[in-house]
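Notes to accompany the following structure.
We use all heavy atoms of the structure for the numbers below, so side chains are in, but hydrogens, waters and symmetry mates are not.
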Amino acid sequence: MAPYLNHFNMLQIISLLYMLITVTCARSSLSHDEECSALFQFKQSIIHQDDEALCGASWFQTFHSWKPTSNASIAGFDCCSWHGVECRNNDAYGHVIGLDLSESFLCGHINSNTTLFNLVHLQNLNLAMNDFHESQIPSEIARLKQLRSLNLSYCGFSGQIPIEISQMIQLSSLDLSRNPLQLHTPSMENLMQNLTRLEELDLSLVDISSSVPHFLVNFSSLRLLRLYNCSLRNEFPIAIFELPKLKFLNVALNPNLIGYLPEFGNNNLLDLRLSRCSFSGRIPRSLSNLTQLTFLTLGGNKFTGFIPSLVGLSELNALELNGNNFEKGQLPDWLGKLTKLNQLYLSDNNLTGEIPSFLANLTKLSVLSLGLNSLNGHIPSSFFNLTQLTMLDLQGNQLEGPISSSFSKFNGLRALRLNFNSFIGRVDLDIFLGLNKLEVLMLGGNKISLVPTDNYTISTLPQLKDLQLSSCNLKKFPGFLRFQNKMRTLVFDHNKIEGRVPIWIWNNSQETLQVISLSFNFITGFHQHPHFLTWGYLEGFIIRNNHVRGQIPIPPQTIVFYDVSNNNMSGEIPPLLCEMKSLRKLDLSSNNMSGTLPSCFDSLSNSLVDLNLRGNKFHGTMMDAFMHGSMLESIDLSENRFMGQLPRSLTNCTNLEVLSLGDNSFHGVFPFWLGTLSRLQVLVLRSNKFYGPIQGSTIVSSQFSNLRIIDLSNNSFSGELDQNYFQTWNAMKSVYVGESSTLGIELNFEAGYSKSSYSMTLIHKGVRTNYEKILTIFMAIDLSCNHFEGEIPLSLQDLRGLQSLNLSNNHFSGGILPSLGYLKNLESLDLSRNELCGEIPQQLVELGFLSIFNVSFNNLEGRIPHGKQFDTFENNSYMGNSRLCGQPLSKECQDSKASELPPPTRDTYDSEFESLLPSERIDWIIVFCGVGSGLVVGILIGNFLYTRYSDRFIKRKEIWVRPLRNTRRNQGTIIC
């Protein structure tokens, strides 16, 4: 009986535990009414937030049905009929399992206390495309453990993605894209490792900043993977391409993501987007096996070789291959067989030849981009059969001939870019004014004469956004601009527009215009010269190289690029410019402006990148309170009247690349502390009042590791230069190989971007030259017109990239370094007006690029070298050296071997080189005795003379040997 009693007691305990668990679960799980109440409280938390004024009542339509039931016989809520709510119909409790409030105009904050997270039976939650005001995703979201699908895209969530999401292991779809979120701690690897059931993952525009986890290759259910613009880096796992169910793969716009394409078999990929990454290698021919592919974007990578045939991709709607490193070639004919193509991007691909006629087969094309290639010839007439085009880009080619009036057939055209080709002839503007959908028109940089017209109907004019008509021989602003109210960019550079800018230019597009550029015209001013520019969102104002007079107009606070250089502007810098916190480039150079710099000007250094005040009449001291974190990369204050010492706070400008302060009255010792600026490439202190040695601290002055151009000419610097002074100027030590670039900045506007180059003025090859662009390949040293002395430093021989060296008008002594012949890139060498001596080293003949050579007014001697460039130099290169001889001088050398071993004449060695015997008479006695008495007498007298004058013979031996040693030309500097 006892055993049965024990079994009975055990059953009672189990039943009690079951009842306890059931009650506990029942209490932790809300009833249907409680879930509906939680939803209602969520609604109330949204519509009663403090920022309701900002959000308005846009949520009203969404929540209109969210209210208690109107049926009096039913207590509480019936939320299953509410907008966006889904209930489980076959469940006794009718739990809420789905909530879709996407695009519902919700606005406000979501915090950890929201009742939304009490809906523990939710399987699908979609809050996409609302505005939660940069709320953080609450970690309490992990309470929704039954979620299969979570979509929080376009919601304005910010901050770190909570690690608790990794506990939601039932998820098959996760979309957190298009939010300013971060995935650093936890990392992507930590977040994803448990979510092995995922079928869809979209983290686009989330800042991940790490590698793609390799274990994703084991997510065999993955159908969609979107990691667009996530700052991914390192190598992309190649096996992801081979996931059996993968249909959509997008890792575009991750420039530090490297990888290559595998050999493809037949798989299910429908959409493959890898553009603007760093994938490399060849595109495999097997890519054509992806016969279901509809989108293929591989542009902006580093693919090489030839573009393979993709004729098997017959379902393709979009093909993007632009901006790779393909071999030169013509447009492949298989393109004409992809008749379903809607978008074709092949710009910047080394394409040559003419535009082929088979493109006319692609009648569904709406976007065609062939810009930035080397296409030539005329546009074929068949091309105009592509009447579905909405965007056509042919810019930056070598297309020629007239611009056809057939462009008027493209009735759906929204963007037309024909700029920077070789089109010629007269072009009637009304060809384009009939295209009433046109928003972008770019015709500049050709050889056309654009003929304005008044033949248009105002009601049918297109409302242009971007208009570029540079170099179109325009003499006035086209009249149709009066009726353009949505302009975004307006570019009329390099025309012949005269007189004043009409007032209606200022009144149009005041809420939309972002960039206006009227440079290189003959504009004299503005009707009703504005004190303030009237465009509220202007970012770029460029009117350089005109004849504009008066004070500079004050831009709005949105200004990024402000350039009024090379005009006749006058007056002082208005202090209101200090309030332009977005300003990155300010160019007031080559005007007639005056006064001192505003005291608030220092505050601009935290936003300003390029400051150019060259060629005005500013005076006083320069800014002296550069702050830590300064953004300045280029400062040009040259050709003004500034004075005082350079401020030490310049060392806070750690991004500085160009510092040009020439032609002022700055004074003080050499600012050796500038050597701490590791990015400094150009330093111009020419024509100031600096003095003293330039050695400075041995710890600091020996830096300047990135310096490429230095001009210290026309000051009062003095002293000797240490033989190792140039030892750490590393940037000049290497010969630049490859395509040269220019120093400058890229300015990003909402309407696009523009690259602006830094400029400088330099005396090069004896000519004062204004460089509109500074090439990184150019390297120069100018120490002329100072008081330097001593020998030329031997460390100059290591600066193999040097192109120009000017040490003239100093007191350098010793010989010319033969090792200067190592500087194979040298084009200009000026050592004139020093105290150099010895011969011109034959090694300099090896300088094959040398076009300027000047050693005049020194103490040089011997034969002038011949060969190569030395045969092109004239007399003035050598004048003032009385002991030089040979061509091109009229003075001939007495001995063909004179330059190798000078004869021991009295003129050469003065009184030291007297006869080996005491007098001329003894010399003749020796000759007479030798001839008359024969060998015996000669031997006797010779023995007698040696015994008597042996000390003088030994002394004369030393005198002869010493000059021979001093003429050895490869043992260092010649001692004179």
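Minimum interatomic distance between Leu319 and Leu321 (heavy atoms only, all atoms of both residues): CD1-CG, 3.9 Å. The two atoms that bring Ile169 and Asn194 nearest to each other are CG2-O, 3.8 Å, heavy atoms only. Minimum heavy-atom separation, Ser204 to Cys230: CA-SG, 4.0 Å. Scanning both residues, Cys155 and Ala128, for their nearest heavy atoms gives SG-CA, 3.8 Å. Nearest heavy atoms, Gln167 versus Ala142: OE1-CB, 4.2 Å. Here the closest non-hydrogen pair linking Leu225 and Ile240 is CD2-CG2, 4.1 Å.
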Between Glu200 and Arg226, does the side chain to side chain contact (heavy atoms under 4.5 Å, CB included) criterion hold? Intermediate values first, please. CA-CA 8 Å; Glu200 299 180 354; Arg226 289 197 183 108; over 6 Å; no
Check against side chain to side chain contact (heavy atoms under 4.5 Å, CB included), Asn508 and Asn485: CA-CA 5 Å; Asn508 286 356; Asn485 299 311; 4.1 Å; yes
Apply the test side chain to side chain contact (heavy atoms under 4.5 Å, CB included) to residues Ser275 and Glu320: give CA-CA distance (whole Å), side-chain angles for both, the deciding distance (0.1 Å), then the verdict. CA-CA 8 Å; Ser275 55; Glu320 179 185 324; 3.3 Å; yes
Run the side chain to side chain contact (heavy atoms under 4.5 Å, CB included) test on Leu152 and Asp175 for me, step by step, so that the C-alpha distance in whole Å, both residues' side-chain angles and the decisive distance to 0.1 Å come before the verdict. CA-CA 6 Å; Leu152 302 180; Asp175 189 347; over 6 Å; no
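For the pair Asn254 (side chain) and Leu227 (backbone), a donor-acceptor distance under 3.5 Å is present. Ser166 places no side-chain N or O within donor-acceptor distance of the main-chain N or O of Leu191, the cut-off being under 3.5 Å. Counting only distance, with no hydrogens or angles, the side chain of Gln160 and the backbone of Pro186 share a donor-acceptor pair below 3.5 Å. Using modelled atom types, no side-chain atom of Ser630 and backbone atom of Met627 make a donor-acceptor pair closer than 3.5 Å. Checked by atom type and distance alone, the side chain of Ser210 never pairs as donor or acceptor with a backbone atom of Arg233 at under 3.5 Å. For the pair Gln484 (side chain) and Pro462 (backbone), a donor-acceptor distance under 3.5 Å is present. Distance alone, capped at 3.5 Å, is enough to place a donor-acceptor pair between the Asn289 side chain and the Phe264 backbone. For the pair Thr558 (side chain) and Leu538 (backbone), a donor-acceptor distance under 3.5 Å is present. The backbone N or O of Leu101 sits less than 3.5 Å from a side-chain atom of Asn130, completing a donor-acceptor pair. Between the side chain of Thr512 and the backbone N or O of Met487, at least one donor-acceptor pair lies under 3.5 Å.
Heavy atoms of other residues, nucleotides or ligands lying less than 6.0 angstrom from OH of Tyr154 number 12 at most. Atom CZ of Phe295 is surrounded by more than 12 heavy atoms from other residues, nucleotides or ligands within 6.0 Å. Taking a 6.0 Å sphere around NZ of Lys245, one finds it holds 12 or fewer heavy atoms contributed by other residues, nucleotides or ligands. For Lys486, the NZ atom is loosely surrounded, since the number of other residues' heavy atoms within 6.0 Å does not exceed 12. Heavy atoms of other residues, nucleotides or ligands lying less than 6.0 angstrom from CZ of Arg276 number 12 at most. More than 12 heavy atoms of other residues, nucleotides or ligands sit less than 6.0 Å from atom NE2 of His184.
In this model, no donor atom of one side chain and acceptor atom of the other lie less than 3.5 Å apart for Asn317 and Thr294. For the residue pair Ser31 / Asp33, no side-chain donor-acceptor distance below 3.5 Å is found, with atom types taken as modelled. With no hydrogens or angles considered, a side-chain donor-acceptor pair links Asn190 and Ser187 at under 3.5 Å. A donor-acceptor pair shorter than 3.5 Å can be found between the side chains of Thr489 and Asp466.
Taking CG of Leu274 as the reference point, atom CG of Leu261 lies at 6.0 Å (rounded to 0.5 Å). For the atom pair CG of Leu119 and CZ of Phe117, the computed distance is 10.0 Å after rounding to the nearest 0.5 Å. The CD1 atom of Ile161 lies 9.5 Å from the CD atom of Gln182; values are rounded to the nearest 0.5 Å. Going from atom OG of Ser158 over to atom NE2 of His133 covers 12.0 Å, rounded to the nearest 0.5 Å. A distance of 7.5 Å separates CZ in Phe303 from OG in Ser280, rounded to the nearest 0.5 Å. The CZ atom of Phe279 lies 4.5 Å from the CG atom of Leu257; values are rounded to the nearest 0.5 Å.
The ring of Phe132 has its center closer than 6.0 angstrom to the ring center of Phe157. Within the 6.0 Å centre-distance limit, the rings of Phe241 and Phe236 are counted as a close aromatic pair.
A 4.5 Å side-chain heavy-atom check between Tyr537 and Glu511 finds at least one atom pair inside the cut-off. In this structure, Leu176 and Asp202 have side chains that are not in contact, with every pair of non-hydrogen atoms separated by 4.5 Å or more. Counting only heavy atoms from C-beta outward, the side chains of Arg148 and Leu171 never approach each other to under 4.5 Å. Residues Ile165 and Ile141 form a side-chain contact, since some pair of their non-hydrogen atoms from C-beta on lies under 4.5 Å apart. Side-chain contact check for Leu313 versus Thr291: every heavy-atom pair is 4.5 Å or farther apart. Side-chain atoms of Lys340 and Ser314, non-hydrogen and from C-beta on, never get closer than 4.5 Å to each other. You'll find the side chain of Tyr260 reaches within 4.5 Å of the side chain of Glu235, heavy atoms only. Inter-residue side-chain proximity for Pro138 and Ile110 is flagged as met; some heavy-atom pair is nearer than 4.5 Å.
Note on ring orientation: taking the six-membered ring where Trp is involved, the planes of Phe42 and Trp66 are tilted (angle from 30° to 60°).
Partner Asn118 forms a side chain to side chain donor-acceptor pair (under 3.5 Å) with one of Glu34, Gln41, Arg143 and no other, that one being Arg143.
For the cysteines Cys79 and Cys36, the sulfur (SG) atoms lie within a distance shorter than 2.5 angstrom of each other.
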